[in-house]
Amino acid sequence: MSDRNYSILIVGVGGQGVLLASELISAVAMEDGYDVKKSEVHGMSQRGGVVSSHVRIGKKVYSPTIEYGQADVVLAFEQAEGLRAIDWLKKDGVAIVSRTQLVPAIVTASKQFSYPDDPVGMMKARTDRVIAAEADKIAGELGNPRLVNTILLGALSHYLPFDEAQWLQAIKALVKPKFVDVNLTAFARGRELKLDAATV
Amino acid sequence: MKELMSGNEAVARGALEAGVRMAVGYPGTPSTEILETVAARYPTVYCQWSPNEKVAFEVGIGASIGGGRTLVTMKHVGLNVAADPFMTFAYTGVNAGLVFISADDPAMHSSQNEQDNRFFARFAQVPFLTPSDSAECRSMLLDGYELSEKFDTPVMLHMTTRISHSKGIVETQEPSEGPDLKFVKDPSKYVMIPSHARERHLVVEDRLARLKELAETSPLNVVENNGSRIGIITGGVSYQYSKEVAPDFDYFKIGLGYPLPMKKIADFVSKHDRVIVVEELEPFWEDMIKAEGIKVEGKKYLGVQGEFSPRRVAMALSEAGVLEREVPEASSVDLFPRPPVLCPGCPHRGAFMALRKLKVAVTGDIGCYTLGVLQPLNALDTCICMGASIGNAIGMEKVKGSERGTVAVIGDSTFFHSGITGLVDAVYNQSNVTVVILDNRATAMTGGQQHPSTGKTLMGHDAGVIDIETLCRALGIKNFRRLDAYDYDAALETIKEEIDKPGPSVILTTRPCVLMPKRIMEEPYVVDLDLCNGCSACFRISCPAIAAAEQTNKHGHPLAVIDETLCTGCTLCSQICPEEAIVLKSQFVKA
Ligand SMILES: Cc1ncc(C[n+]2csc(CCOP(=O)(O)OP(=O)(O)O)c2C)c(N)n1
């Protein structure tokens with residue numbers, strides 16, 4: 001068992017499967033004998049607001065939330081949300097972000113707010129460790145837009161101390177039987193993703 | 001067995017293990033999943049939603065006096081509603097144990113205030129326990145029943161959003177039967193006429209003195225010695241944050257949050273150079289400890305607003321000069337907000353579009369429809385607490401606060417919770433208000449729970465059904481109308497007509513929630529970009545399915561597109577589009 005703790009911050013928008021992703025990570029870690037805590041705030045998650053989930057893994061975990069600036073991984077299902085969360089990342093952490101773009105009505109309807117032109121570029125200006133994936137396109141190819149979360153979990157799997165087999169087992173255990181195969185494919189596609197070349 | 005459970009799930013599990021025979025409450029974030037878990041996983045435990053927290057508490061008191069262990073759940077503001085039975089139940093005490101949950105919401109993730117309910121326990125002179133993780137939610141619930149029965153008192157389990165909604169590993173045990181008790185007549189204990197209550201008040205004082213003694217030796221309060229000169233007094237989730245950032249200090253971890261073991265605390269403080277009290281919200285423990293003449297610090301570094309985090313505790317301890325730790329600056333990323341919004345197809349939307357247009361004063365209430373206050377709908381003028389809309393409207397109308405009329409909007413679950421008495425007032429005092437009951441047949445805000453007109457109980461059985469129209473007419477409402485709020489013109493007209501009539505009116509909207517109990521998806525609409533002129537009228541109805549297209553009009557304003565996977569086909573946008581550019585997908589034929 002690894003001696004260090006791992007902190008993963010998952011962010012997205014209501015309905016993107018943030019909570020399912022954090023359940024899956026927790027299941028893998030618990031199965032492997034780690035202490036696990038995770039935290040998210042429900043309530044408004046179905047109403048299109050920001051959803052975030054903190055997952056913490058280690059021999060002994062105290063806080064259910066990550067200390068600001070200490071996340072090993074920021075896993076973002078939407079690019080502006082990735083940017084919003086980027087400063088939670090610690091210095092040598094890695095940001096994994098889907099290039100998915102969801103513009104809220106408040107931006108569409110008002111002159112006061114705008115959606116940034118290139119959130120991923122702005123993330124890269126802050127850290128040179130970014131995996132930016134066309135996860136929504138890949139999910140589309142696989143025939144189900146809801147697979148974005150599993151694809152990103154594939155990319156995440158390289159940064160946590162578990163074998164591929166442990167992940168696959170958790171997917172089989174947690175995903176509805178008829179979606180297992182396509183999720184396994186999505187996970188495999190995610191595992192192929194690599195760090196983008198550093199911009200600096 | 002080991003399971004990953006949220007605090008709420010762990011409380012539900014504890015209820016099973018304690019042999020609880022009555023689990024009752026009213027939904028409210030962050031407490032809602034406790035009873036939902038009981039219903040879904042432990043069907044041998046009887047559970048029910050009551051129409052509000054006061055009734056839930058009274059049902060709980062009856063069950064306790066009747067001899068069954070009882071769990072009552074609510075969010076923090078729910079205890080305001082239940083305060084009347086609670087304060088006097090503190091006098092009578094229990095027969096079988098009663099533990100109630102007060103789930104506080106520091107930072108107001110989904111609440112209208114962040115009151116600190118630990119004061120309620122002290123106010124009523126009853127003990128409270130304060131778990132710091134899911135495992136303790138389970139174990140302290142069991143401890144609570146022991147305490148409740150041994151000391152003849154209701155016990156509060158003090159939870160917060162982070163405790164309720166964080167998950168941790170819980171070691172479960174076998175369910176038990178609980179004590180086998182029956183109701184025993186005892187008017188001097190249960191009938192609080194003044195002569196009895198005077199006696200019971202003495203009992204309460206004596207009980208508190210005995211609880212103070214117990215606190216000194218209770219294993220619920222734990223001292224952790226690490227040989228440090230710095231001591232931390234803390235409890236709840238603040239304990240976890242503190243341990244995260246300062247694991248080497250000495251700790252006084254409070255589990256029994258009231259009454260406090262002052263001798264033990266004085267002893268702990270005397271052995272340290274500096275002692276900091278780390279508690280969310282009010283200086284509840286800090287002030288009580290200081291009142292004993294014991295020297296501690298706390299709030300001057302930590303503040304009283306919002307919720308804590310490892311960062312906030314680290315900053316406070318650094319500022320106090322006891323911890324050296326680099327704390328990163330807050331993010332400078334400046335982005336648009338992403339507030340929650342009414343869903344595509346939400347039946348509340350049409351009512352708010354009409355109210356915005358009519359420029360009337362709109363007293364609001366609490367539910368999904370409170371989101372109607374946000375831009376671009378901007379259609380609510382007040383929101384205080386559940387049920388307040390009708391009383392607020394009556395008051396505003398009586399002083400002629402609004403020239404164009406006063407409308408109260410209230411959800412169906414909220415109407416049953418505490419709107420009915422407001423309507424009684426409107427009839428009794430012949431108020432000239434219009435009450436729009438947004439009946440989506442669900443308690444949608446908190447996840448779609450059943451309520452008195454949905455026809456099902458929490459346990460999934462058929463239920464008695466209260467018909468809102470019959471009820472309103474029986475109360476003496478003569479102007480009663482039904483409204484399909486997907487029909488914008490009808491909404492405008494109906495509301496306007498009812499405002500103009502003297503005396504109270506009720507308008508009942510009829511469309512169900514699009515998410516619950518089943519997802520409603522009709523044929524989607526599309527935008528004909530050849531007709532759309534970028535006027536942005538459809539953007540202003542705040543529908544998440546409508547987005548800006550890449551194409552723009554000659555002023556550079558974007559045209560509209562509809563996300564077909566989100567559109568439920570409610571038709572509202574097509575009704576207000578001045579160019580008739582929004583059409584049913586099947587009728588849209590491109591040349
Ligand atoms: C005293 C109190 N109890 C519970 C809550 C939590 N709560 C907020 S809104 C709501 C119910 C809303 O249901 P309804 O009135 O039917 O409106 P909807 O959300 O369905 O539009 C509840 C239970 C609260 N804010 N205050």
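Bear in mind that the values here come from a model prediction, so they are computed numbers and not experimental data.
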- Task: Examine the side chains of B/Ser238 and B/Glu280 and answer whether a donor and an acceptor come within less than 3.5 Å of each other.
- Result: no

- Query: For B/Val237, is it the side chain, the backbone, both or neither that has a heavy atom under 4.5 Å from a heavy atom of chain A?
  - Reply: side chain

- Message: Ring of B/Phe336, cation from A/Arg84 - is the NZ or CZ under 6.0 Å from the centre and inside 45° of the axis?
- Response: yes

- B/Ser536 versus chain A, the contacting section by heavy-atom distance below 4.5 Å: neither

- Note on the structure: Turns out that what part of B/Asp133 lies under 4.5 Å from chain A's heavy atoms comes down to side chain

- Item | B/Lys518, NZ atom: more than 12 neighbouring heavy atoms under 6.0 Å | no

- Query: Is it true that A/Glu67 and B/Arg325 have a side-chain N and a carboxylate O under 4.0 angstrom from each other?
  - Reply: yes

- Item | Heavy-atom proximity to chain B below 4.5 Å, by part of A/Ser114 | backbone

- Pair count under 4.5 Å, heavy atoms only, with chain A: among B/Lys167, B/Arg311, B/Arg162, highest is B/Lys167

- Item | Engaged part of B/Ala314 at the chain A interface, taking heavy atoms whose separation is under 4.5 Å | side chain

- Message: Please determine whether the number of non-hydrogen atoms from other residues, nucleotides or ligands lying under 6.0 Å from atom CD of A/Glu31 exceeds 12.
- Response: no

- Query: Among side-chain atoms of A/Lys38 and A/Ser26, is any donor-acceptor pair under 3.5 angstrom?
  - Reply: no

- Item | Options B/Pro247, B/Ser242, B/Pro310, ranked by heavy-atom pairs under 4.5 Å with chain A, top entry | B/Pro310

- Task: Identify which part of B/Val327 has an atom lying under 4.5 Å from any heavy atom of chain A, answering side chain, backbone, both or neither.
- Result: neither

- Note on the structure: Counting heavy-atom pairs under 4.5 angstrom with chain A, the leader among B/Pro376, B/Ser332, B/Cys346 is B/Ser332

- Under 4.5 Å to a heavy atom of chain B? For A/Val107 that would be side chain

- Contact class of A/Ile106 relative to chain B, heavy atoms under 4.5 angstrom: side chain

- Parallel, tilted or perpendicular for B/His557 and B/His555, by the 30°/60° rule? tilted

- Message: With a 4.5 angstrom heavy-atom cut-off, is it the side chain or the backbone of B/Pro328 that approaches chain A, or both, or neither?
- Response: both

- Pairs where residues 56-111 of chain A contributes a residue and the test ring-ring contact (aromatic ring centres under 6.0 Å, His included) is met, not counting sequence neighbours: A/His54-A/Trp88, A/Tyr68-A/Trp88

- Message: Taking salt bridge (charged side-chain N to carboxylate O under 4.0 Å, His left out) as the criterion, tell me which of A/Lys91, A/Lys90, A/Arg56 meets it with A/Asp72.
- Response: A/Lys90

- Relative to chain A, which of B/Ser134, B/Ser6, B/Ala330 shows the most heavy atom pairs under 4.5 Å? B/Ala330

- Which of the residues A/Met122, A/Arg126, A/Gln70 is involved in the greatest number of heavy-atom pairs with chain B at under 4.5 angstrom? A/Arg126

- At a heavy-atom separation under 4.5 Å, does A/Leu102 approach chain B through its side chain, its backbone, both, or neither? both

- A/Asp35, A/Asn5, A/Val36: which one forms the most heavy-atom pairs within less than 4.5 Å of chain B? A/Val36

